[in-house]
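Got a structure here, written out as structure tokens. Questions coming.
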2 protein chains.
Amino acid sequence: MNENSIERLSKYKSSLQKLKTLGFLKVFSDNLADALGIQSAQVRKDFSLFGISGKKRGGYNVEDLLTSINTILGKDRIENVIIVGCGNIGIALMNYRGFVREKIKIIAGFDIDPSRMAKVEKIPIYTMEKLKDFIHAESVKIAIIAVPDIAAQRVADLLISYGIKGILNFAPIKLKSQGEVVINNVDLIQEIEKVIYYANAMDDDNGKES
Amino acid sequence: MNENSIERLSKYKSSLQKLKTLGFLKVFSDNLADALGIQSAQVRKDFSLFGISGKKRGGYNVEDLLTSINTILGKDRIENVIIVGCGNIGIALMNYRGFVREKIKIIAGFDIDPSRMAKVEKIPIYTMEKLKDFIHAESVKIAIIAVPDIAAQRVADLLISYGIKGILNFAPIKLKSQGEVVINNVDLIQEIEKVIYYANAMDDDNGKES
DNA sequence: TAGATTTTGTGATTTCATTCACAAAAAGGA
DNA sequence: TCCTTTTTGTGAATGAAATCACAAAATCTA
Ligand SMILES: NC(=O)c1ccc[n+]([C@@H]2O[C@H](COP(=O)([O-])OP(=O)(O)OC[C@H]3O[C@@H](n4cnc5c(N)ncnc54)[C@H](O)[C@@H]3O)[C@@H](O)[C@H]2O)c1
Ligand SMILES: NC(=O)c1ccc[n+]([C@@H]2O[C@H](COP(=O)([O-])OP(=O)(O)OC[C@H]3O[C@@H](n4cnc5c(N)ncnc54)[C@H](O)[C@@H]3O)[C@@H](O)[C@H]2O)c1
């Protein structure tokens with residue numbers, strides 16, 4: 001149950017969804033391995049780790065496999081999510097159709113700024129005063145933080161105190177979680193810096209070789 | 001020079017920037033280790049890997065360390081970046097002030113849709129016809145892809161053929177790179193799925209314990 | 001100046017993920 | 001029915017990254 005195998009599960013799912021729309025009925029560990037650029041043993045190990053088994057010589061049934069993975073990832077039901085901070089990135093996420101397709105439903109936005117209170121794609125935006133009651137009323141477990149970095153830790157603490165169990169954070173600081181809460185920090189600046197570093201490193205290598 | 005050490009370099013940088021504004025002059029591997037939640041030996045190994053050395057008993061000079069890391073990450077100059085696909089996420093990124101602060105300058109957007117051609121934060125948006133000449137004229141090396149998934153591979157191939165060396169991709173497909181090009185796929189759905197999985201897993205654990 | 005203390009730099013060790021490799025099961029011929 | 005082929009499932013081997021642990025250097029104390 002390490003982080004990598006969960007990530008791969010997401011990727012298997014995405015491959016399988018494509019196979020399914022193409023009408024494929026079964027799939028071999030080898031096919032999925034090729035799709036992700038890994039070894040077939042890895043695929044089978046992952047599945048065995050989560051108690052998924054196939055048929056020797058028959059591979060895995062696409063439909064069944066997809067169902068199993070969806071269950072593991074909690075995608076057998078719609079997950080309600082809220083966004084705190086409805087600025088550039090918050091609004092972009094609210095507008096994103098891809099979430100709905102994946103059973104991730106943004107049910108509300110929250111912002112400190114009263115001028116943000118317009119609806120986006122039928123999703124209401126509320127003031128921060130409503131946050132506590134809303135989380136309780138809708139038993140929301142997952143939140144996205146898209147506020148400026150100075151406000152992020154405070155918002156996180158607030159969310160956790162109201163019962164949120166999982167946070168996806170876009171502010172470029174490493175949020176500290178207290179207790180049984182998952183925090184996933186997405187740092188886009190770091191992601192670009194990685195690209196820049198490797199692009200430069202490759203260019204330098206080429207310079208050396210010539 | 002593995003991927004993890006580059007990521008950590010970004011994180012050291014961000015910690016150091018904060019220390020610098022607080023007026024700190026020196027820092028020990030232990031301090032940075034605490035900030036990132038790792039072991040101090042890891043910090044020293046990372047630095048030694050990139051030829052950065054400190055003083056025994058004196059630690060590292062914050063200013064010098066920051067300069068060294070910035071040089072390694074290519075942050076000693078402004079990196080010009082373009083965005084292809086000026087929809088929700090593309091525009092959000094163009095509006096983001098954090099990039100400028102980190103010497104990442106979005107110098108233009110490109111889109112297939114003529115109705116997108118308005119400027120955003122002084123950044124011009126052009127049609128796809130201008131893409132080739134612009135990349136050559138400005139010798140752009142880095143691009144961000146924010147087009148729908150069906151178009152993403154085609155856009156990537158185009159960018160690579162025009163000389164782009166590094167791509168940050170937001171479309172939820174794994175882009176294949178040909179040749180000496182870095183592609184970093186950011187999959188936000190996968191990031192939320194991870195949060196949902198662990199949040200559910202924790203809840204289940206708690207149920208078991210009680 | 002001598003001895004104690006702190007912190008780096010790195011070889012040795014441990015930990016953990018991935019790949020290898022093969023027995024066992026299933027299916028397809030002949 | 002028996003032999004061949006394919007593919008799974010997993011224990012063993014490998015590989016990579018993180019941690020441990022300590023000698024050497026620098027500074028501090030008296
Ligand atoms: N825009 C991007 O493309 C982008 C990219 C990477 C990271 N980020 C990060 O995401 C976060 C948001 O960026 P943005 O560009 O959307 O900023 P933004 O200024 O457009 O939006 C921030 C929103 O948060 C609200 N806010 C401020 N303090 C708040 C609080 N205490 N409680 C609730 N709401 C509050 C503001 O009213 C505003 O609407 C920042 O931390 C930024 O660093 C943004
Ligand atoms: N919006 C989000 O929050 C979000 C989150 C995660 C991932 N993504 C991904 O990012 C991508 C963009 O999402 P979005 O919500 O901004 O979509 P969007 O539809 O708002 O924007 C896409 C833009 O790309 C342009 N475009 C389409 N085909 C093109 C082509 N061949 N060349 C150039 N431009 C082209 C369109 O005209 C449009 O302006 C998608 O792949 C999406 O899956 C978006």
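In what follows, chains are A, B, ... by sequence order, proteins preceding strands, each numbered from 1. Side-chain atoms are counted along with the backbone in the values below, which use heavy atoms only and exclude waters and symmetry mates.
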Side-chain donor-acceptor pair under 3.5 Å between B:N169 and B:N185, yes or no? yes
Between A:R44 and B:G54, which is nearer to the 5' end of DNA chain C once each is assigned its nearest nucleotide? B:G54
Nearest whole angstrom, please: distance from the P of D:dT19 to the CG of B:D46. 10 Å
For A:S15, side-chain contact (heavy atoms from CB on, under 4.5 Å) partners two or more places apart: A:L32, A:A35, A:L36
Touch check for B:N4, heavy atoms < 4.0 angstrom, all strands: base, sugar-phosphate only, or nothing? sugar-phosphate
Quick one: do A:K165 and A:E180 satisfy salt bridge (Lys or Arg N to Asp or Glu O under 4.0 Å)? Show the steps, please. CA-CA 7 Å; A:K165 293 294 174 215; A:E180 298 277 279; over 6 Å; no
How is B:S40 classified with respect to the nucleic acid when contacts are heavy atoms under 4.0 Å: base, sugar-phosphate, or nothing? nothing
I'd like a table of atom pairs between the protein and nucleotides 1-6 of chain D - only N or O on both sides, under 3.5 Å - with the distance next to each one.
residue, atom, partner, partner atom, Å
D:dT5, O2, A:R57, NH1, 2.3

Is it true that A:D46 and A:Y12 share a donor-acceptor pair across their side chains at a distance under 3.5 Å? yes
Note: chain B reaches DNA chain C at heavy-atom distances under 4.0 Å over the stretch, first to last nt, 5' to 3', of C:dT5 to C:dA12
Which part of the nucleic acid, if any, lies within contact of A:Y60, taking any heavy atom under 4.0 Å across all strands shown: a base, the sugar-phosphate backbone alone, or nothing? sugar-phosphate
Select from B:K55 and B:Q39 the residue whose nearest nucleotide in DNA chain D is closer to the 5' end of that strand. B:Q39
Using the salt bridge (Lys or Arg N to Asp or Glu O under 4.0 Å) rule, take B:E193 and A:K75 through it: C-alpha gap first, then chi angles, then the decisive distance, then the call. CA-CA 9 Å; B:E193 278 177 356; A:K75 307 201 82 57; 3.2 Å; yes
